[in-house]
Number of protein chains: 2
Amino acid sequence: MTAAELVFRQLLGAITSGELAPDAMETEERLAARYKVSRTPLRDAVRRLEQLRLLVREPARGLRVPPLSMREMHDLSATREVLEGLLASCAADRVARGMARIDRLRDIHARHLRVLGINDPELALSVGFDFHEELRRLSGNESAAACHEQVLLGFDRYRHLARAVPERHDRIAAEHTEILAAIEAGRAQAAEIAMRRHIAAGRELYVEVLSRMISD
Amino acid sequence: MTAAELVFRQLLGAITSGELAPDAMETEERLAARYKVSRTPLRDAVRRLEQLRLLVREPARGLRVPPLSMREMHDLSATREVLEGLLASCAADRVARGMARIDRLRDIHARHLRVLGINDPELALSVGFDFHEELRRLSGNESAAACHEQVLLGFDRYRHLARAVPERHDRIAAEHTEILAAIEAGRAQAAEIAMRRHIAAGRELYVEVLSRMISD
DNA sequence: GGACACATGAATGCATGTATACACGAACGT
DNA sequence: ACGTTCGTGTATACATGCATTCATGTGTCC
């Protein structure tokens, strides 16, 4: 692990968790000192975070984390919706052609269903996320996968909103079941539609929770 | 313009044009010498190109441009299709709500139609591209726009294929007319569908031309 | 009193020396 | 002769000093 990669992940965590507060002004130098690396690897990490718009630069002022916004969440979710629809469609195609094995996706989903029984919302959310990440690999579409990864990194800042609606866990799993079935059957279009519905349904909840938290 | 940004664009051009040949091995140091910058800004540019998968690194060996492939072109085009569908849909929405002005898109398209008359294929392609870039701005969806920009940068390597089918220019413009009309009317779904058809139709041609050029 | 120009300090872009890590080949041992 | 290990060279990750750029505040001129 390089120092640049390490500090990237640390910063990502700090931003996602809110530990690095929105609108607090930082400089590369202070961040380098805080994370005990020189400015070179830190700059590298900051550049990547700027690409993801998790940090924005005010020329000659410094860096800041932009505040959460309904608008950004909506845009990220809409982008995620079309990209994951494509991932699901590609995955169904590849499975149908015998170009990819679906075992891991099945395993993850089975674990998801088991976890529902033990009432551990945090774990359920985490396994639910694994489902989407495995689907990204399964799609075999590197271009879509790269975009999807970036969008999800941005979306992570809003993920904690899901904790506000624990009663949704059963529905999430049910929607995953439907997506998995379509992929197993090689029905690309059905998989795409089911996935888009799934993401859109999640967005509705997020909008509701978020609207109670911010003005925007 | 920073040195890093400048060398990024130069490298991008060299890769896109084929001047930097696929599979030729380079090192950061040689590239820095060639472009007359120090290793620091060059590294910065190389990092960005790696993110775009326009350069791949062989550990401790160097950097190389991956060869064109049917698979990559297909993946890029499929990703482009869903993203631009979303951009068109967002743009139609924003125009309908009076949140964005469509004038520039109209102007670009009018110029496109005029250019068809003077038989300059290169210029027609270029103005056709402007249409897609203006649409990106018009969408107001920063997340989708960022993904789209990345995908198009990757797709640039395949763009010269369009020169092989000059007779398509009229059809491109006709499809743009349809997309523009849907956006002007605020019909988001119609705009999305028209755009997806447009991208998919282009892909068919690219597949045909490319299949005659590479084994893959 | 307002606007513009310049001085100043901070932030970061850039250059370069050094440390580290890895591939490859050679040489030795089995 | 083949496999393993160690030497060597190369590629790049990192640290740090210097150059450049820009925001801000002050003073002067109109």
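Because the structure is predicted, anything quoted here is derived from the model rather than measured. Throughout, a chain's letter reflects where its sequence line sits, starting with A, and its residues are numbered from 1.
Rounding to whole angstrom units, CD of residue Glu28(A) and P of dA15(D) are separated by 14 Å. Following rounding to the nearest Å, Phe8(A) (CZ) and dA13(D) (C1') show an atom-to-atom distance of 18 Å.
Looking at His112(A) and His169(A), their side chains never bring a donor and an acceptor atom within 3.5 Å of each other.
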Discussion item. Go through it in stages, so that I can follow the logic: the residues are Glu175(B) and Arg168(B), the test is salt bridge (charged side-chain N to carboxylate O under 4.0 Å, His left out), and I'd like the CA-CA distance, side-chain angles, deciding distance and then a yes or no.
Written reply: CA-CA 11 Å; Glu175(B) 289 167 355; Arg168(B) 184 166 146 69; 3.4 Å; yes
Practice prompt. Kindly determine whether Arg71(B) and Asp75(B) satisfy salt bridge (charged side-chain N to carboxylate O under 4.0 Å, His left out), including the steps that lead there.
Written response: CA-CA 6 Å; Arg71(B) 165 75 176 284; Asp75(B) 287 352; 3.3 Å; yes
Report each atom pair, protein N/O against N/O of nucleotides 17-24 of chain D, whose distance is under 3.5 angstrom.
unit_1	atom_1	unit_2	atom_2	d
dG17(D)	O6	Arg39(A)	NH2	3.1
dT24(D)	OP1	Arg61(A)	NH1	3.2

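A sub-4.0 Å separation between OP1 or OP2 of dT16(D) and a side-chain N or O of Arg43(A) is absent.
Among residues two or more places apart in sequence or in another chain, the ring-ring contact (aromatic ring centres under 6.0 Å, His included) test is passed with His74(B) by none. Legend: residues meeting side-chain contact (heavy atoms from CB on, under 4.5 Å) with Leu12(B), ordered by chain and number and at least two apart, are Phe8(B), Thr16(B), Leu49(B), Leu54(B), Leu153(B). With sequence neighbours left out, the ring-ring contact (aromatic ring centres under 6.0 Å, His included) criterion links Tyr158(A) to no other residue. By the salt bridge (Lys or Arg N to Asp or Glu O under 4.0 Å) test, Arg9(B) is found to be paired with Glu5(B), residues two or more places apart in sequence or in another chain being considered.
Chain B approaches DNA chain C over the interval dG13(C) to dC24(C), counting the first and last nucleotide 5' to 3' with an atom under 4.0 Å from its heavy atoms.
Where Thr40(B) and Leu63(A) meet DNA chain C, the nucleotide closest to each residue was compared, and Leu63(A) sits on the side nearer the 5' end.
Phe155(A) and Tyr206(A) have parallel rings, their planes meeting at less than 30° on a 0 to 90° scale where 60° marks the start of perpendicular.
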